[in-house]
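Below, chain A is the first sequence line, B the second, and so on; all start at residue 1.
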Number of protein chains: 2
Amino acid sequence: MLVYFCFMGRIKTDSNTTRKEVIIRKAAELFREKGYKAASMRDLADTVGVEAASLYNHIHSKSELLHIICFDVANRFTQKMDELEAEKIPIIQKIEKLLRFHISGMVHHFEEVYVSDREWKHLADPYLSNYQNQRRTYRKRFAAIIEEGIRKKEVKKVDAPTAVLIMLHAISGIESWHRSKQKINGKELEESMIAILVGGLKTSR
Amino acid sequence: MLVYFCFMGRIKTDSNTTRKEVIIRKAAELFREKGYKAASMRDLADTVGVEAASLYNHIHSKSELLHIICFDVANRFTQKMDELEAEKIPIIQKIEKLLRFHISGMVHHFEEVYVSDREWKHLADPYLSNYQNQRRTYRKRFAAIIEEGIRKKEVKKVDAPTAVLIMLHAISGIESWHRSKQKINGKELEESMIAILVGGLKTSR
DNA sequence: AAAATACACTAACAATTGTTAGGCAAAAAG
DNA sequence: CTTTTTGCCTAACAATTGTTAGTGTATTTT
């Protein structure tokens, strides 16, 4: 017979949100803030408002949290790429659209996108190789678009993989925009970035 | 009376290299590969060829390793900025020079630069705030150069902090160039990057 | 050659880690 | 209301962590 003094209550959920989703959300915040390895399950439990052991009623392991976050993001991007490839618009517009998708992902789903971008190293096989493959082919598809642009003379002659690398990492730099004190608003940021990045690609006339 | 069976011998050093420097070098490799938190002192000891405890004859703590790496890199960049500000050359050339310095740092001192870029979060105060300040003022000085360029109409009208963010993060993307199988050579990479980045900044004529 | 220093070793520590077991209470289902 | 299920709790585990103490052997200095 055991008496509970400081009973903490259940994890609060809005309707349409499972407790697991709440945990994943908080995990993303925490992993972003401290890094996957430095964030402990006890930390996570605190921010969720529960004891560490209780988390395991909803999830299987810490690593599950990471791979859910990573693949959620990766799949969203892959899906967007599918749609984009099917569209019949000028290449330079395709590129712009893709960049805008990346930028707004980084602005509005910051925690998840950032974690998937920086912490995927800590995935365990077979998820690790899976993730790496998905990422690699995504970049190849992106590079293929740029190369098509070069053939059609819409895009300046550049090394396509290098261009992809620049674009994607430039966008991941939005991280420091989030961190900065006096930040311009999200829409301005987007336009500035597009101007520089797309401007750097267009054939100069 | 104790007899040593598998005596591993001392840490090998070239002349002009202290054992501490060897350890720091290996630490940079390890921190880059696994991340600061995931890299254990026993891992480090293994790659150095020694027992974990022996490392402490040369260093004070794990965190010392991180802050030596971070500040070595940060100071190099700060120093370069000092030199550059003093030069009397067109702004667009200044920017190009700075970018080239960053690029070749990322190509030739990859491990240290990468670690200082990605793992500084794990610095402990007061080093953490120090580092953040140094980084912030560096970026402000970079932004000031771009703003001067805009005033002199050498540079397209863009939000300067955003431009800095793009440049620096684009360069840190060289990480994935290192990782990639079929990589173009370092010099080509540099020229490609300069073309896109500086191209994106110049006033279009 | 003797003395001093540098540097490696083994053994052990306290703290923190992810995770499991088992029990009780609230919420949902009957 | 009664039963079942869900979800929280405490307690504890084994593993891994950074680090210190103490000891012995190479190497360097005298």
*Check the distance between D/dT19's C1' and B/D43's CG and give it to me in whole angstrom.*
16 Å

*Less than 4.0 Å between a side-chain N and a carboxylate O, is that true for B/E147 and B/K157?*
no

*Given the side-chain rings of A/F101 and A/F77, with only the six-membered ring counted for Trp, is the space between their centroids under 6.0 Å?*
yes

*Among residues 55-62 of chain B, which contact DNA chain C at a heavy-atom distance under 4.0 Å?*
B/N57, B/H58

_Suppose we call two aromatic rings close when their centres sit under 6.0 Å apart. Are A/Y114 and A/F110 close by that rule?_
yes

*Could you tell me whether B/R32 and B/E29 make a salt bridge, using a distance below 4.0 angstrom between a side-chain N and a carboxylate O?*
no

*Could you label the plane-to-plane angle of the A/F31 and A/Y36 rings as parallel, tilted or perpendicular, counting under 30° as parallel and over 60° as perpendicular?*
perpendicular

*Under a 4.0 Å N-O cut-off, is there an ion pair linking B/K187 with B/E190?*
yes

*Using whole Å, report how far NZ of B/K20 lies from C1' of C/dA8.*
18 Å

*asked:* What is the separation between atom CD on B/E51 and atom P on D/dT23, rounded to the nearest whole Å?
replied: 19 Å

*Verify, without hydrogens or angle tests, whether A/T18 (side chain) and A/E21 (backbone) share a donor-acceptor contact under 3.5 angstrom.*
yes

Between the protein and nucleotides 27-29 of chain C, list the N/O to N/O atom pairs that are separated by less than 3.5 angstrom.
none

*Qualifying salt bridge (charged side-chain N to carboxylate O under 4.0 Å, His left out) pairs, either residue in residues 59-79 of chain B, two or more places apart*: B/K20-B/E64

*State whether B/S54 places a side-chain N or O below 4.0 Å from either non-bridging phosphate oxygen (OP1 or OP2) of C/dC7.*
no

*Roughly, in whole Å, what's the span from CZ in B/R19 to P in C/dA6?*
11 Å

*Any Lys/Arg nitrogen of A/E154 or A/K94 sitting under 4.0 Å from an Asp/Glu carboxylate oxygen of the other?*
no

*Mind running a 4.0 Å heavy-atom check of residues 24-31 of chain A against DNA chain C and sending the residues that fall below it, in number order?*
none

_Carboxylate-amine/guanidinium proximity below 4.0 Å for A/R135 and A/D117_ = yes

*Parallel, tilted or perpendicular: which describes the rings of A/Y127 and A/H67, with under 30° parallel and over 60° perpendicular?*
parallel

*asked:* Using a strict heavy-atom distance below 4.0 Å, which residues from residues 33-42 of chain A are in contact with DNA chain C?
replied: A/A39, A/S40, A/M41, A/R42

_Atom pair distance, as rounded to whole Å: CG in A/L44 and P in C/dT16_ = 18 Å

*Who are the ring pair (Phe, Tyr, Trp, His ring centres under 6.0 Å) partners of A/F142, not counting sequence neighbours?*
none

_Tell me whether A/K183 is salt-bridged to B/D159, with the criterion being a basic N under 4.0 Å from an acidic carboxylate O._
no

